[in-house]
Amino acid sequence: DSLLKREREALHGRIARALRDQFPETSQAEPALLAFHLTESGASAEAAPLWAEAGRRAAALGAHAEAAAHLRTAIDLTRKQPVDGARLGLELQLLLGLAVSLATSRGYSVPEVGEVLSEARAICDALGNVPELFGVLRGICNFMIVAGNVKAAEEIARQCLAIAEETGDIAWRIESHHPLGHVLWTIGEFAAARQHLERAISLYREHDGARLSFPTPQDPLVGCLVVIPWVLEAIDEVEAAAEARREAVAHARRLGRTYDLAYGLAWHATQDLAHAELDRAERLNAEASAICQANGYDTYGAVTALTDAFLRGRRGDVDTALAMAERGLAQFNKLGIRHILGWETSQVAELQVLRGDWTGALTTMDMAIERTYESGERCFLSPLYRRRAEIRAMSPDAGKAEMLAEIRADLAAALDIATQQGATAFAALAEARLAEWPD
């Protein structure tokens with residue numbers, strides 16, 4: 001640092017030449033080392049592809065935080081070159097790699113992921129209908145799902161499906177049916193969601209999907225198998241739902257990839273929590289949490305932390321659980337996670353019920369339902385209305401005429417919504433509760 005800039009650059013240049021000429025094995029094994037000295041020597045055009053290669057290798061090893069840093073450096077150096085089609089094409093590839101590594105390490109909900117994907121989309125538009133457009137759209141779709149923007153997510157998922165069907169690319173077809181099924185589940189279109197999820201599962205199995213290359217960091221079969229249980233339970237196919245949950249984790253273990261395993265375990269634990277399978281939920285959630293902490297998976301780290309809070313409350317430590325849940329929801333907000341936020345909010349109300357805070361629980365349920373309407377994620381809307389009615393029924397004011405009317409109104413809404421959605425299991429539960437509260 002005490003050297004003049006030109007002297008320092010010259011010294012880095014000499015080191016770079018020595019590495020490349022006298023120690024080629026080291027240069028090939030550690031491209032980031034050579035890239036660093038080339039960068040410091042001012043040879044950015046030579047350094048950029050080496051940073052890109054270092055990023056690719058780090059990503060292949062699952063070191064996505066390191067990969068993101070290398071790819072960001074490669075992008076910065078590439079942007080110093082004259083603008084032409086070749087440079088834009090290289091920049092696009094680097095942006096796609098960066099989006100994948102950021103999404104894997106920090107989650108699609110992080111604003112930086114959306115910014116990178118928007119930059120990639122702009123290059124696609126500038127270059128025309130390039131093959132990379134599908135990967136860009138698929139990434140943006142994931143971003144919109146996690147951000148709770150289901151309208152935009154559905155529109156982009158349908159664009160992906162149109163491109164996939166036009167090209168006939170099997171991997172793209174799988175990657176299109178999967179997010180579309182996910183989005184349709186969130187908005188409560190259970191029959192259509194099942195159709196697309198099962199189509200993705202079928203294509204994956206027919207074409208040995210584990211050997212295919214997909215544009216997102218998440219295996220689509222794991223993604224389908226963690227969502228379809230919610231769909232199947234809504235239409236009263238409980239055993240099929242349980243089998244899908246088991247297969248999601250088993251398949252993730254066979255793949256041997258930490259992100260897919262954390263994803264599958266976290267979703268399974270959430271569903272076990274909903275079924276009061278607390279021992280298994282704790283075991284799976286603890287495993288998922290450890291994977292997230294070891295690999296820096298911020299999004300699912302936040303999910304597992306929130307699940308841990310709810311589990312602790314079910315075990316009796318309600319005050320600690322509420323404090324943990326408050327921190328967990330704050331982390332959701334920090335990361336920009338809005339996906340099924342209404343459902344997560346309702347779990348806070350469950351903790352308040354355990355503490356005997358009926359007023360607080362009802363206020364929280366009001367918030368959960370309000371958030372569900374705001375997001376358009378209606379998959380849990382019927383259960384939320386039913387649960388609010390049940391909490392009203394447990395409150396000290398349950399016998400008052402006004403509260404009785406509100407209980408019946410909630411249950412009637414739960415039944416009406418479930419009937420419209422074709423959610424036979426939800427409808428049966430609402431109808432049974434409504435029969436307990438006749439006019």
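Note that the numbering runs from 1 along the sequence shown for the chain.
- A 4.5 Å side-chain heavy-atom check between Phe380 and Tyr385 finds every atom pair outside the cut-off.
- Take Arg79 and apply the salt bridge (charged side-chain N to carboxylate O under 4.0 Å, His left out) test, not counting sequence neighbours, and it matches Glu91, Glu119.
- Between Glu53 and Arg57, at least one side-chain nitrogen of the basic residue sits less than 4.0 Å from a carboxylate oxygen of the acidic one, meeting the salt-bridge criterion.
- Residues Ala16 and Leu34 share a closest heavy-atom pair of O-CD1, 3.5 Å.
- Scanning both residues, Phe134 and Pro215, for their nearest heavy atoms gives CE2-CG, 4.0 Å.
- When atom types are taken as modelled, the side chain of Thr167 and the backbone of Ile163 share a donor-acceptor pair closer than 3.5 angstrom.
- Contact of the Phe426 side chain with the Glu233 side chain is not registered, since no non-hydrogen atoms from C-beta on lie closer than 4.5 Å.
- Screening residues 304-313 for side-chain hydrogen bond (donor to acceptor under 3.5 Å, both in side chains) gives no qualifying pairs among residues at least two apart or on separate chains.
- Ion pairing between Arg257 and Asp260 holds under the 4.0 Å rule for side-chain N and carboxylate O.
- For Arg199, there are no side-chain hydrogen bond (donor to acceptor under 3.5 Å, both in side chains) partners, not counting sequence neighbours.
- Taking every heavy atom of both residues into account, Ala349 and Thr364 meet most closely at N-CG2, 3.7 Å.
- Residues Tyr204 and His251 bring their aromatic ring centres within 6.0 Å.
- Salt-bridge check for Arg408 with Glu436: failed, with every basic side-chain N at 4.0 Å or more from each acidic carboxylate O.
- Salt bridge Asp410/Arg392: present, at least one basic N to carboxylate O contact under 4.0 Å.
- The residues Asp169 and Arg173 are annotated as not salt-bridged, no charged nitrogen and carboxylate oxygen being separated by less than 4.0 angstrom.
- Remark: Arg246 engages Glu243 in a salt bridge, criterion side-chain N to carboxylate O under 4.0 Å.
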